[in-house]
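Encoded as C-alpha cells, the structure appears first; notes follow it.
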Amino acid sequence: MGIRQLEFRCIGMKDGERFPLENTGRGRDISPKFIIDNLSLQAKSLIITLEDVSHPIKNFTHWVIWNIPAMDNIPAAIASGKVVTDLNGALQGIAYGIHRYAGPKPPKGTSHKYRFSIYALDEKLNISPFSTKKRVLSKAKSHILQQGSIYGYFE
C-alpha cells in the first residue's frame with residue numbers, strides 16, 4: 001500500500017494564490033485554519049510543515065508541528081510553545097519559527113513561493129520537541145498514510 005494523496009484547504013488562500021496578510025510575518029503571523037477533505041479513518045496523527053521553496057537554502061523550513069490529533073478541522077492561530085495543549089499535546093520543533101508558526105516574510109521587493117504540507121500518520125511520534133523537519137519526517141517515513149501540499153506566494 002503506497003502513500004495516498006491528502007486533500008486539504010487552507011482557509012483564506014487557495015492553492016497557488018497569495019498568502020493572507022494575517023498569516024505572514026508582516027501581519028499577525030498566525031497559522032491559518034486547515035480543512036482536510038479526505039482524511040483516512042486509520043490516521044492517528046498529523047504533521048504540518050511550512051517551507052519557503054524560493055529561499056537560497058533549499059526548502060527553508062518555517063514551521064514544523066506534529067502529533068496533531070487526526071482531525072478534519074485544524075484551527076487557526078495555533079499557540080507558540082514546544083507543547084500545544086489545545087491540540088492534545090502536539091509538538092512544535094526547531095525551524096525559522098522555534099517552537100512556533102513563523103509565516104512568510106521575504107526580503108522587501110521580492111516574491112517567494114511557500115509550501116504547506118500535511119502528512120497523516122498511523123501513529124504518534126515519540127521524538128523531542130527539539131527536532132527539525134528532517135528528523136520528524138525521517139521518523140514518520142514508515143508511518144505516512146497520506147500526504148498533500150499546497151503552495152502560496154507572498155510579496
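In this chain, residues are counted from 1 in sequence order.
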### Query
Tell me, do Ile3 and Gln147 make a side-chain contact under 4.5 Å, heavy atoms counted?
yes

### Residue pair Arg28 / Asn23, side-chain heavy-atom distance below 4.5 Å
no

### Query
Quick one: are Ile118 and Ile36 in side-chain contact, heavy atoms under 4.5 Å?
yes

### Query
Hey, what do you get for NZ (Lys82) to OG (Ser131), rounding to the nearest 0.5 Å?
12.0 Å

### Query
Taking a hydrophobic cluster as the set of Ile, Leu, Val, Met, Phe, Trp and Tyr residues connected by side-chain heavy atoms closer than 4.5 Å, whether directly or through intermediates, do Ile48 and Phe19 fall within one such cluster?
yes

### Query
Which value, rounded to the nearest 0.5 Å, describes the distance between His62 atom NE2 and Arg115 atom CZ?
12.0 Å

### Query
If every non-hydrogen atom of Leu145 is compared with every non-hydrogen atom of Ser40, which pair is closest and at what distance?
CD1-OG, 4.1 Å

### Query
Taking all atoms of both residues into account, what is the closest heavy-atom pair of Leu125 and Val136, and its distance?
CD1-O, 3.8 Å

### Query
Are Ile150 and Ile65 linked, directly or through other ILVMFWY residues, by side chains that come within less than 4.5 angstrom of each other?
yes

### Query
Under a 4.5 Å cut-off applied to non-hydrogen side-chain atoms, are Glu7 and Gln5 in contact?
yes

#### Entry: Exceeds 12 heavy-atom contacts within 6.0 angstrom, atom CD1 of Ile35
yes

### Query
Any chain of hydrophobic side-chain contacts (each under 4.5 Å) joining Phe60 to Phe154?
no

### Task
Can you establish whether the number of heavy atoms outside Asn126 located under 6.0 Å from its atom CG is more than 12?
no

### Query
Quick check: does any side chain N or O of Gln146 sit under 3.5 Å from a backbone N or O of Asn38, one acting as donor and the other as acceptor?
yes

### Query
Can you tell if the side chain of Leu39 reaches within under 4.5 Å of the side chain of Met71, non-hydrogen atoms only?
no

### Task
Determine whether Ile74 and Leu91 fall in the same hydrophobic cluster, where Ile, Leu, Val, Met, Phe, Trp and Tyr are linked whenever their side-chain heavy atoms lie under 4.5 Å apart.
no

### Query
Lys44 and Leu121: side chain to side chain contact (heavy atoms under 4.5 Å, CB included), yes or no, with the steps?
CA-CA 6 Å; Lys44 301 285 189 261; Leu121 279 61; over 6 Å; no

#### Entry: From OH (Tyr119) to OG (Ser45), nearest 0.5 Å
13.0 Å

### Query
Which heavy atom of Pro20 sits nearest a heavy atom of Gly12, and at what distance?
CG-O, 3.2 Å

### Message
Could you go through Tyr114 and His112, starting from their C-alpha distance and side-chain angles, then the distance that decides it, and tell me whether this counts as side chain to side chain contact (heavy atoms under 4.5 Å, CB included)?
### Response
CA-CA 7 Å; Tyr114 297 85; His112 280 210; 3.5 Å; yes

### Query
About how many Å separate CZ of Phe34 and CG of Asn73, when rounded to the nearest 0.5 Å?
11.5 Å

### Task
Provide the closest heavy-atom pair for Pro104 versus Leu50 in the form atom of the first, atom of the second, distance.
CD-CD2, 4.4 Å

#### Entry: Closest heavy-atom pair and its distance - Thr110, Pro106
OG1-CB, 3.6 Å

### Task
Go through the steps for His55 and Thr61 under the test side chain to side chain contact (heavy atoms under 4.5 Å, CB included), then give the verdict.
CA-CA 10 Å; His55 196 280; Thr61 307; over 6 Å; no

### Query
Taking the six-membered ring of Tyr151, is the NZ or CZ of Lys113 close enough (under 6.0 Å from the centre) and on axis enough (within 45°)?
yes

#### Entry: Pair listing, side-chain hydrogen bond (donor to acceptor under 3.5 Å, both in side chains) test, anchored in residues 93-107, at least two apart
Asp29-Arg100

### Task
Indicate if Leu21 and Trp63 have the same hydrophobic cluster label, given that clusters are the connected sets of ILVMFWY residues with side-chain heavy-atom separations under 4.5 angstrom.
yes

### Query
About how many Å separate CD of Glu51 and NZ of Lys58, when rounded to the nearest 0.5 Å?
10.0 Å

### Message
Distance check, rounded to the nearest 0.5 Å: Ile47 atom CD1 versus Thr49 atom OG1?
### Response
8.5 Å

## Note on the structure
Nearest heavy-atom approach of Ile127 to Arg135 is CG2-NH2, 4.2 Å

### Task
Might you work through the side chain to side chain contact (heavy atoms under 4.5 Å, CB included) test for Lys33 and Arg9, ending with a clear yes or no?
CA-CA 8 Å; Lys33 177 178 181 172; Arg9 294 172 279 141; over 6 Å; no

### Task
For Glu123 and Ala43, indicate whether the former's side chain and the latter's backbone hold a donor-acceptor pair under 3.5 Å.
no

#### Entry: Contact check, side chains of Lys133 and Asn59, non-hydrogen atoms, under 4.5 Å
yes

